[in-house]
Amino acid sequence: MNAAKTTAVAPVSADEAKLAYYEASQWSLMRRRFCKHKVAVWAIYILVALYVVCMNCDFFSAYDPNEFHERWVDMPPQILHFGKVEGYRWPRFYVHPSIRVRHPVTLDECYYADTSRRVPLEFFVQGRPWRFLGLIDTQLHFFGVPDGESCFLLGTGRLGQDMFSRLLYGGRISLLVGFTAVFLSFFLGISLGGISGFFGGKVDIVIQRVAEVLMTIPHIPIWLTMAAAIPKGWTSLQTYFVMTLILACMGWTGLCRTVRGKLLSLREEDYARAAVLAGASQKRVIFVHLIPNFLSHIIATLTLAIPGMILSETSLSYLGLGLRPPIVSWGVLLKEAHNGQAVLNQPWLLVPALAVILTVLAFNFAGEGLRDAADPYST
Amino acid sequence: MQKDPILEFDNVAVEYQLDEGVVRAVNGVSYKVFPDETLAIVGESGCGKSQSSYAAMGLIQPPGRITRGHIWFREADGKPRIDLAGLDRNSKEIRSIRGGKLAMIFQEPMTALSPVHRIGRQLDEVLKLHTDMGKPQRIDRGCEMLRRVGIPDARKRYDQFSFEFSGGMRQRIMIAIALACNPRVLIADEPTTGLDVTIQSQILELMKTLQAEHHMAVVLITHDLAVVAETADRVAVMYLGRIVEMADVKTLFAAPKHPYTIALMKSVIGSPLAADGRLQTIRGSVPGPLERVPGCDFHPRCDACIPGLCDKQEPVFKDIDGKTQVSCHLFC
Amino acid sequence: MKPPLLSVKNLRVWFPKDVSFFGKPLTWVKAVDDVCFDLHEGETLGLVGESGSGKSTTGLAILRSHRPRDGSVLFCPDGQRVHDLSKMEHRELQPLRRHMQMIFQDPFASLNPRMTVLQLVSEPLKVNHVGNAEQRKQRVRELIVEAGLKAEFLNRYPHAFSGGQRQRIVIARALALQPKLIVCDEPVSALDVSVQAQILNLMMSLKEKYGLSYVFVAHDLEVVRHIADRVAVMYAGRLVEDGTKAQVFGNPLHPYTRALLASSPKPNPSHRAKRGILHGEVPDPSNLPSGCVFHPRCPEARPECSHIVPAQTRIDGRNVRCLLYESGRTLTDPAGADKAAS
Ligand SMILES: Nc1ncnc2c1ncn2[C@@H]1O[C@H](COP(=O)(O)OP(=O)(O)OP(=O)(O)O)[C@@H](O)[C@H]1O
Ligand SMILES: Nc1ncnc2c1ncn2[C@@H]1O[C@H](COP(=O)(O)OP(=O)(O)OP(=O)(O)O)[C@@H](O)[C@H]1O
Ligand code: SF4
Ligand SMILES: [Mg+2]
Ligand SMILES: [Mg+2]
């Protein structure tokens with residue numbers, strides 16, 4: 001009949017690639033779009049590498065981060081080289097051992113690289129014991145040097161701790177704080193924002209006013225009070241949890257608003273309305289229509305929120321309000337570097353700052369890529 | 001003929017080089033516009049109406065570019081003509097012409113005005129750029145323009161923001177800004193799309209009055225044949241980046257030649273119905289921007305298609321009877 | 001006599017504009033005010049008016065996407081029991097929803113981008129527990145072919161379709177439950193001319209085939225003239241005139257209807273009549289003029305128009321809301337009545 005006569009021609013040519021595009025789901029469209037964003041893809045690689053290395057810092061570090069090497073105090077980094085080493089057939093990584101001498105004029109202690117000798121790095125060696133995933137006892141480490149030799153790739157601290165190991169252990173704490181704090185605030189934010197956005201009315205007004213009040217309170221004094229309230233006797237683990245809680249309590253407001261705004265706008269979308277008019281229940285509208293369309297935005301928002309948390313932890317610890325030694329975090333490391341004239345005399349102590357910058361940048365680029373990909377139709 | 005054309009497109013093409021392929025947004029467009037004349041460009045969405053005018057204004061953004069052709073523009077009678085297609089889109093020449101002697105009204109009146117500047121400031125900017133008037137003169141001129149486009153209380157409105165105006169009012173302000181420097185050519189890209197009929201008739205009437213006062217040439221871009229019938233002197237019908245038919249308005253409506261024009265006119269709601277009491281339609285749909293049709297662009301949908309010719313060979317755009325130019329094998 | 005399929009009586013939809021600190025509305029946006037009309041089975045009612053005149057809001061209030069502030073919406077899908085939708089709770093409405101569906105203006109916004117055609121079209125069936133998965137799939141296949149698409153499009157996502165094709169999906173979806181009433185909110189305004197014709201043809205055939213009734217919202221007079229049986233003209237939230245198509249287009253009574261008809265362009269360059277231009281703009285619905293809402297723009301306004309609110313007047317089976325036609329007042333100005341009648 002007439003309907004058949006006016007049949008629209010489907011976009012011609014049914015070749016495979018096109019069909020694949022037409023039948024591509026939202027997620028695969030998003031993935032495609034994300035992959036186009038080269039910087040973001042690299043940022044994701046960097047982040048994955050950072051997390052893998054830092055979460056497995058026991059494995060990747062050659063020393064215990066709190067082990068003191070009295071002989072090697074304030075030593076500059078031993079540079080990693082690649083080349084032939086006596087006694088071995090194939091070229092490999094090696095370091096020159098350091099020699100400690102007194103400066104003939106200033107009488108300061110200083111280190112020289114002994115370029116006459118080459119200490120090869122060995123991989124997958126046995127070393128100090130640790131537990132894989134807290135379960136399996138093992139002594140395997142990624143690299144090490146023969147007994148009696150030293151290998152401080154990023155130099156040592158004032159008490160002779162290996163900075164490379166400290167960087168990795170610090171990374172574990174800092175990166176985890178960022179993650180857990182964001183997830184905690186995510187739960188607060190999404191549940192409060194969701195309630196606020198979906199039910200509206202009085203609930204909405206109350207939640208929004210609370211969020212506003214929280215937002216107007218300056219953060220530093222709150223942190224100060226809260227940090228001061230932590231009893232001195234607490235273990236480092238307890239302090240750590242309280243820290244993440246504090247961060248989460250201050251951080252959920254922004255997320256709550258984003259969630260609420262997005263929900264409000266999605267609820268007004270024609271397709272949500274169409275589902276209601278087709279007879280769909282509220283539950284179905286929320287779970288089938290609203291949440292999936294909103295998840296991608298939330299993921300992007302979260303990714304962009306993590307660096308803020310990491311920075312907060314770092315600055316708090318740096319100010320001496322957050323974590324304290326013996327817990328190692330990037331903030332703690334920076335606080336140590338701050339003492340004395342590190343910038344001039346021991347610049348390697350500032351490497352954690354580079355790590356923070358790298359992480360924050362990577363999160364920002366990745367988050368931006370995700371945000372662009374979250375809406376595969378916009379141009 | 002009588003006068004020299006002010007604006008002349010000569011086989012202009014605009015292409016977008018995308019990862020997925022090449023989009024031929026405009027594919028060999030030629031037309032001339034004379035003073036005091038309204039040329040309407042009609043066609044369905046995506047046929048390249050806006051892109052062809054952006055080419056003249058130097059507004060094609062990479063990855064798009066003008067790949068061939070010339071756009072000749074004469075700033076004043078007797079002056080040598082300039083090729084706008086050859087100018088860099090940020091060059092000084094194009095900036096001195098754009099918005100001055102060659103003005104444009106954009107499709108979206110909501111986004112074409114800056115929401116953070118008072119409309120007076122936006123008027124002032126154009127005048128500052130293209131004239132050497134002093135500040136008080138510019139304000140006078142700005143208010144006068146607002147009055148002329150029918151905005152009451154012009155001095156007060158001069159200091160307001162664009163969101164304080166309704167859609168119709170914003171379009172009037174756009175016109176005021178476009179006409180502030182007495183342009184020779186006004187390109188109006190769907191100036192009334194999205195406005196109500198009552199407002200549309202106000203705006204079109206206003207454009208006619210102002211055109212007569214300024215002796216401008218107007219290029220009116222639209223997809224509404226009724227608007228064309230009411231306002232244009234000559235009409236160019238576009239399909240897939242090409243002009244398929246061009247004629248003066250009466251000839252075109254009385255005797256459309258190209259099968260696409262004929263089909264388009266028949267499918268306008270309100271025109272005679274088909275034998276079964278239904279609206280007449282064009283078979284199929286417009287191909288996607290990346291799809292390439294061999295031969296005549298329209299042949300898969302054309303009722304008069306000549307197999308073996310139309311699907312193989314591209315028709316040329318030429319004059320058939322001294323009145324109408326058509327690009328179709330039926331008229332070769 | 002059978003009750004009409006849909007009977008809207010004194011419908012009023014107001015939105016709170018400024019709200020006091022305690023959430024109490026101080027001023028109202030009177031989007032729809034005192035609207036009455038009937039729609040019989042198999043009929044199409046065209047609802048026309050300028051932007052902001054409350055057409056969409058009326059449509060949405062009929063389907064109870066907005067809760068009316070006042071008035072009633074009597075719906076009688078089976079020709080016997082009359083339900084007043086305006087007073088019902090969501091739970092009571094649920095079983096009635098299958099008899100009334102909606103088609104939206106923007107085909108890009110009304111389809112969930114994350115669902116395939118199959119999921120989209122079968123959703124109404126699924127939520128109303130019709131058939132099993134296999135039967136539903138079969139039904140969806142029939143529906144999309146009926147709507148002029150191909151059966152192999154079943155697994156595609158909306159981004160694969162053009163505007164016209166998406167509108168076909170929307171139509172297939174609206175048809176899924178075989179409703180009695182479909183409210184179409186400007187279903188063709190976002191489409192190109194040639195696609196408009198295709199979609200309108202489709203809607204006409206489906207109407208004849210299934211005996212549907214449409215409330216067809218549009219701002220394009222030609223579209224309404226083509227598709228509607230009855231026409232209702234809205235201005236600033238009020239219904240200013242309604243009647244059969246022949247009455248409204250052939251002999252418009254209300255000055256606004258006349259102005260609207262006069263200002264729409266005609267595709268005929270040989271008769272470029274000087275168009276009647278209606279000056280001014282649609283009023284802000286939160287700050288409506290006193291008296292007749294149209295009086296500031298009305299070419300035939302009298303002094304009393306600015307303070308007397310005209311009531312709905314019935315003339316020859318049609319309704320007009322204008323002081324010129326209120327009984328008793330007509331006599332004071334025969335000229336106006338003459339003009340109206342001619
Ligand atoms: N930035 C861009 N990138 C790629 N392609 C583009 C871009 N801008 C326009 N195009 C393509 O150019 C073609 C012509 O677009 P144009 O905007 O000129 O159409 P139009 O005739 O003005 O349509 P409308 O009536 O919708 O305004 C379209 O097919 C479009 O896909
Ligand atoms: N949810 C809402 N809250 C407040 N005001 C609203 C809401 N929905 C609509 N309005 C207002 O009600 C009036 C009527 O709107 P409506 O969308 O019904 O108009 P319309 O006739 O459909 O116009 P259009 O042709 O632009 O779609 C408008 O002024 C609009 O701003
Ligand atoms: S060239 Fe052929 S296919 Fe193209 S419009 Fe003319 S008759 Fe139709
Ligand atoms: Mg355009
Ligand atoms: Mg509407």
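In the text below, chain A, chain B and the rest are named by the order of the sequence lines, each starting its count at 1. None of these values were measured; they are calculated from a predicted model.
- Counting only heavy atoms from C-beta outward, the side chains of C:P267 and B:M265 never approach each other to under 4.5 Å.
- Expressed to the nearest 0.5 Å, how far CG of C:D220 lies from CG of B:D224 amounts to 8.0 Å.
- When each of B:K266, B:Q280, B:K250 is scored by its heavy-atom pairs under 4.5 Å with chain C, the top score falls to B:K250.
- No side-chain heavy atom of B:S285 sits less than 4.5 Å from a side-chain heavy atom of C:Q198.
- Summarising the geometry of C:A197 relative to B:L279, their closest heavy-atom pair is CA-CD1, 3.8 Å, with the distance given to 0.1 Å.
- Counting heavy-atom neighbours within 6.0 Å of B:K208 NZ, excluding the residue itself, gives a total above 12.
- The backbone N or O of B:R278 sits nowhere less than 3.5 Å from a side-chain atom of C:N201 that would complete a donor-acceptor pair.
- The two atoms that bring B:H223 and C:V193 nearest to each other are O-CG2, 3.7 Å, heavy atoms only.
- One distance of note links CD1 of B:I199 with NE2 of C:H279; it measures 11.0 Å at 0.5 Å rounding.
- Using a distance-only test at 3.5 Å, with no hydrogens or angles considered, no donor-acceptor pair links the side chain of B:Q200 to the main chain of C:S264.
- For chain C, no part of B:V286 is nearby; none of its heavy atoms comes within less than 4.5 Å.
- For the pair B:I269 and C:L200, the minimum side-chain heavy-atom distance is below 4.5 Å.
- Ranked by heavy-atom pairs shorter than 4.5 Å toward chain B, the options C:E208, C:H219, C:R297, C:R225 are led by C:E208.
- Residues B:V197 and C:P265 form a side-chain contact, since some pair of their non-hydrogen atoms from C-beta on lies under 4.5 Å apart.
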